[in-house]
Amino acid sequence: MLVRLGYVAMSMSLQNASPSQTMTHSQFIKIPDREAAIRKLERIAKSNLKNCLRLLRHNVANDIEFFRLTSKIIPLANHEDVKDWNYIRPLAEELSEVKEFLLAHPKMRVDFHPDHFVVLNGEDTDVLKSSLKTLGMHRKLLMGMGIPPEHRCVLHVGGVYNDKEKALEQFIHNWGLIPESIQRLIMLENDDTSFHVEDVLYLCEKLGIPLVFDIHHHLANHENKDWTLYWERILNTWKHSALPPKIHISSPRSEKEFKAHAEFIEPSLLLDFFHSIKGSVEQVDCMIEAKRKDEALFKLVHDLEKEASIEWVNKAAFTL
DNA sequence: CGTTGTCAAGTAACA
DNA sequence: TGTTACTTGACAACG
């Protein structure tokens, strides 16, 4: 079984390489010349994309083939005040540079985790509409980068609204209202407070959505702590995907702040997990969610180096 | 130059 | 009913 390690959004080792510089709405409206303000948004977005490419180069240099892009590349992209702004056209050059790079490195897996304002299971149609708009932006970015958009956006189920059963059924209802091109983007992840892996499996199996298993969330929120009870079903949700299953791993910051992410990853948790699913699948991509980003990945690899049960295929992937 | 408060958006917990 | 955390960085304002 091959395990590739990845990390999230930004690097602690590259200087001045933020892919998520921004302009807030209040800054935007303070600029009297609206055209100038929009050009400034465009300059920021271009710089963010250039830095995404720098991050991808950094990843290749370190054998890292799995990476989550930030969802903050284009500031205010879905804001009401700039709804006439075609934010993709001015980014054509930067997007095609990323596209060329990814074409030259076809093993690189890149995806998004749109933030928690994207909610698909509410009764409020305005919330659904703005969520679809935000997902549309993600899709346009993926298309611009030449990435097949299938299964590139991981989301949580959404809100409980005091009735979890009803909230799950509302997800199914809303799913029918979502264009197929957007449906295909989506993966669903178990969360740490509301929808545990059994809930998410119910939706994923019914609707044909791949399930991203988050170990840390599972430890915080479960019916049954033993994930091996669910693992075969989780794998099955990936049966029709062109991509290998992916999981998330993070360590609790402390006993008291259990749900918060720690700076680094506890290697024993990762080893336990992969030993318990050993042989069940050819490849799993494992997203490291730690405050220290790529440094946490490097430290994890270092910590695992003396581990005899695994064999390194490069600086960021191993087999067992 | 270092520190503090704010940011477009949703939900839930808590006062 | 209103405030804050979530996860969290970026940036402006302030000292």
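Atom pair Glu189(A):CD and dC6(C):C1' shows a separation of 14 Å (rounding to whole Å applied). Across the protein-nucleic acid pair, His116(A) atom NE2 and dT8(C) atom C1' stand 10 Å apart, rounded to whole Å.
Using modelled atom types, no side-chain atom of His58(A) and backbone atom of Leu53(A) make a donor-acceptor pair closer than 3.5 Å.
The residues Glu263(A) and Lys291(A) are annotated as not salt-bridged, no charged nitrogen and carboxylate oxygen being separated by less than 4.0 angstrom. Classification of Asp84(A) and Arg34(A) as a salt-bridged pair holds, one side-chain N sitting under 4.0 Å from a carboxylate O. Taking 4.0 Å as the cut-off between side-chain N and carboxylate O, Asp192(A) and Lys259(A) do not count as a salt-bridged pair. Classification of Arg39(A) and Glu42(A) as a salt-bridged pair fails, no side-chain N sitting under 4.0 Å from a carboxylate O.
Taking the six-membered ring where tryptophan is involved, the planes of His156(A) and His113(A) are tilted, since the angle between them lies from 30° to 60°.
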Exercise for the section: Mark up nucleotides 9-15 of chain C, 5' to 3', with B wherever a protein heavy atom is under 4.0 angstrom from a base atom, S wherever such an atom reaches only the sugar-phosphate, and - elsewhere. Expected result: SSSSS--
Completion exercise
Expected string for nucleotides 1-7 of chain B under the B/S/- scheme (protein heavy atoms, under 4.0 Å, primed atoms plus P, OP1, OP2 as sugar-phosphate) is ------S
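Here Met187(A) contributes atom CE and Thr237(A) contributes atom OG1; the two are 11.0 Å apart, rounded to the nearest 0.5 Å.
Within the 4.0 angstrom heavy-atom criterion, no nucleotide atom of any strand lies near Val118(A). Nucleic acid contact for Asp81(A): none, since no nucleic acid atom lies under 4.0 Å from a heavy atom of the residue. Within 4.0 Å of Asp192(A), counting heavy atoms only, lie sugar-phosphate atoms of the nucleic acid but no base atom.
Contact check, His156(A) against dG10(B): no side-chain N or O comes under 4.0 Å of OP1 or OP2.
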Handout entry: Secondary structure string for DNA chain B (Watson-Crick or G-U under 3.5 angstrom, | for other-strand pairs)
Key = |||||||..||||||
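For the pair Lys293(A) and Tyr7(A), the cation-pi criterion (under 6.0 Å, within 45° of the ring axis) is not fulfilled.
With centres under 5.5 Å and a plane angle under 30° as the test, the ring of Phe117(A) is not stacked against the base of dG10(B).
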